[in-house]
Protein chains: 2
Amino acid sequence: MISERQLKILEAIISDFIDTAQPVGSRTISKKYPLGISSATIRNEMADLEELGYLFQPHTSAGRIPSDLGYRLYVDSLVREHTIGSRDKELIQSLLLNKIIEASDLAKQAVKLLADFTKLVAVVSIPKFNKCRLANLKMVKVSDTKVLLILVTDTGIVKNIQLSLSNTEQFVLDKISDTMLSHLMGETIENIDVRSILKIKEKLNMLGNVVDYLIPILKDALKSLNGTELYVDGVSHLLSTYEFSDTEKAKSIFEFLNDESQLVQLIENMPPNQLSIKIGSEIGFEALDDCSMVTSSYKVDGNSGGSIIIIGPKRMDYGTVVSTVNYISNTLSDVFSGIYL
Amino acid sequence: MISERQLKILEAIISDFIDTAQPVGSRTISKKYPLGISSATIRNEMADLEELGYLFQPHTSAGRIPSDLGYRLYVDSLVREHTIGSRDKELIQSLLLNKIIEASDLAKQAVKLLADFTKLVAVVSIPKFNKCRLANLKMVKVSDTKVLLILVTDTGIVKNIQLSLSNTEQFVLDKISDTMLSHLMGETIENIDVRSILKIKEKLNMLGNVVDYLIPILKDALKSLNGTELYVDGVSHLLSTYEFSDTEKAKSIFEFLNDESQLVQLIENMPPNQLSIKIGSEIGFEALDDCSMVTSSYKVDGNSGGSIIIIGPKRMDYGTVVSTVNYISNTLSDVFSGIYL
DNA sequence: TTTAGCACTCATTGATAGCGAGTGCTAACA
DNA sequence: TGTTAGCACTCGCTATCAATGAGTGCTAAA
């Protein structure tokens, strides 16, 4: 078991390391932090903390660096959540509420805010459209071969899907759209299947052949809503970070962050909890062994919605990151749930 | 004046420097390149080329590096445009044609292709919507306070604009949309002004108050189409580039590339020519003093359209970059001009 | 139990010397 | 007169080595 005093020393060491990114020696602690004990005592305690696995030395005559286990303890019991200033809250609200209508724009704005506030890398995924309920639907003729299908959810989110459809007049599209809408309004997108479309065909028997043609196309289009869409920002912040001033390391993380399929995996492996912090190898991706990751998922109408991820060095300012992620996550929940309609 | 032989030597030096990123010595040239002259002769010529300003030495006992003037000569008279393989052409065509309908998606795809092919940083801006002609128009109710305005050009490009509009029923929106479309079809977007909207109001006198409310909103919305929208990709390629393995340099370029207003300036300062290559300080932005930039603008129906930029180290493979930029530029011209409708 | 003192470790820094890639110059050669 | 071999010279780079100092662990005294 770890003593109260050891905990205080560990906290001091991690705080100092977060500031300086340099191995912390016993003298530094005894001088900077008013613990009322000498460097020799601290040395003894440090030796114990190392034996317990919370610290390690990069080499014999250097100070200590927190291990992943040390960070774990720090994160679990020592980090105090920062409170966000009211001006920052206003800024976030003003940028996320009322102005934005398309899911993708919302995500872009949110991911930019996260990256700006934390000065780290942010990733945001948008809710799978599946669980949302249909509130409006239009088809717009774009050219002789292309039609834009516009879906609006009851939560005020818009999604555009492009269909390839041989020459069809706009008034025909209007007719089909209206009929579809009257039948499908209020359904969740995932419940719209071939059966419900067939029903619509009956109503439109005069246009039968167009609808026949449309069914497989719609099916495909709706399937495409299953993918995870994600947005990344703040990657350049990594370059200002001491840990990644080694170009090789920076590059491998850059490549990871540019690989959409890896990020999707990352999101799929996320713990479903409201908020989670993973440190180094806990993340389970070699490219991120030197990073910590704060994740959260926001809900849409109580259902699982999208994800938020912050990636940065292990010595990130967890307090600020956690509070920012929480605040933006809650705001996104509200926006996507249509609270501000 | 520069002799034929000096030109050959200069070409060899620049080729070698492009390969190795190391100062090139006279012995290297005499061994690697079959010019049939000894290193001593080459040394004499190199001294002359340095006096003429085409080369310089980083220090006395080092080989030569091309100066900006040297690159200029190389680019102007020595670079041969590479030809793109037919498989690559097919790839580009398949990814840019037929499938994409929204201007932003098109730009994203194009910028990704450019970055992938050149292994450098690519920037693409999309045409100002102003000059396009209206082919279709719909308003879709999204929530009690929001409406989505969808504009389709005769070139098959779609643009979404969100309007804040107090509770209006969809059938009213439909009526307004239809009337607007019948009056505005074929107009260029920039020609749609308050006067033409007022005319529409007359036709819709039963809905006068809604239209009154709509006019200033539409005016704002159309004004927003004036901005330059741009997309960036391939930034991580810079990290693999020897010149920018110094983190400080990389960071300053990264920050430049993340600053949209700087990029807009860059585009506005672009020469209007079909294709242009600027080297180092010619670009006029300090952050890019160590870079070269290849730019091109593509046309939409003969009018000025959007811009394409490639940014990389001065020792980039100009031949490949030029051919890639040209090919994608032409393809974008075609797509935006609606040739593949 | 704490701490002062001390010997020990080892990364970092700075000075120094040698190496070698490259130059410019000169003199001989075609 | 242009080309080239030869040679002395320059100077950045690397390796070596000693001094420095921040840090440790251990011991013995308070």
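Fair warning: this is a prediction, and the values are worked out from it, not measured in the lab. A, B, ... follow the sequence lines: proteins, then strands. Residue 1 opens every chain.
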**OP:** Taking heavy atoms of chain B and a 4.0 Å limit, find me the 5'-most and 3'-most nucleotide of DNA chain D within that range.
**Re:** D:dT3 to D:dG12
Subject >> Nearest-0.5 Å distance that lies between atom CG in B:D290 and atom CD1 in B:I253 >> reply: 6.5 Å
Original post:
Under 4.0 Å: is that the gap between some side-chain N or O of B:R43 and OP1 or OP2 of C:dT26?
Top reply: no
Original post:
In Å, rounded to the nearest 0.5 Å, how long is the span from CD1 of B:I283 to CD1 of B:I311?
Top reply: 6.5 Å
**OP:** Return each pair, listed once, that meets salt bridge (Lys or Arg N to Asp or Glu O under 4.0 Å) where at least one residue sits in residues 40-53 of chain A; pairs must be two or more places apart or across chains.
**Re:** A:R5-A:E45, A:E50-A:R64
Subject >> Side-chain touch B:L113/B:I328, heavy atoms, less than 4.5 angstrom >> reply: yes
Original post:
Is it true that A:D19 and A:R315 make a salt bridge, defined as a side-chain N closer than 4.0 Å to a carboxylate O?
Top reply: no
**OP:** Could you check A:N44 against A:G25 and say which one's nearest nucleotide on DNA chain D is further toward the 5' end?
**Re:** A:G25
Original post:
Under 6.0 Å between ring centres, would you say that holds for A:F17 and A:Y74?
Top reply: no
**OP:** May I ask you to say whether B:D76 pairs ionically with B:R72, meaning some side-chain N is under 4.0 Å from a carboxylate O?
**Re:** yes
Using atom names, set out every protein N or O paired with an N or O of nucleotides 8-14 of chain C below 3.5 Å, distance rounded to 0.1 Å.
from, atom 1, to, atom 2, distance (Å)
C:dT9, O2, A:S61, OG, 3.2
C:dC10, OP1, A:T60, OG1, 2.9
C:dC10, O4', A:S61, OG, 2.9
C:dC10, O2, A:S61, OG, 3.4

Original post:
Roughly, in whole Å, what's the span from CZ in B:R64 to P in C:dA21?
Top reply: 17 Å
Subject >> ring pair (Phe, Tyr, Trp, His ring centres under 6.0 Å) contacts in which one or both residues fall within residues 269-291 of chain A, not counting sequence neighbours >> reply: A:F256-A:F285
Under 3.5 Å, side-chain donor or acceptor atoms of residues 260-269 of chain A against the rest of the protein: list the pairs with distances, not counting sequence neighbours.
from, atom 1, to, atom 2, distance (Å)
A:S261, OG, A:D259, OD1, 2.7

**OP:** Would you please classify the geometry between the A:Y318 ring and the A:Y71 ring as parallel, tilted or perpendicular, with 30° and 60° separating the classes?
**Re:** tilted
Original post:
When the nearest nucleotide of DNA chain D is assigned to A:M46 and to B:E45 on a heavy-atom basis, which residue is associated with the more 5' position?
Top reply: B:E45
**OP:** Pull out every residue in residues 31-42 of chain B that has a heavy atom closer than 4.0 Å to any atom of DNA chain D, ordered by number, or say none.
**Re:** B:G36, B:I37, B:S38, B:A40, B:T41
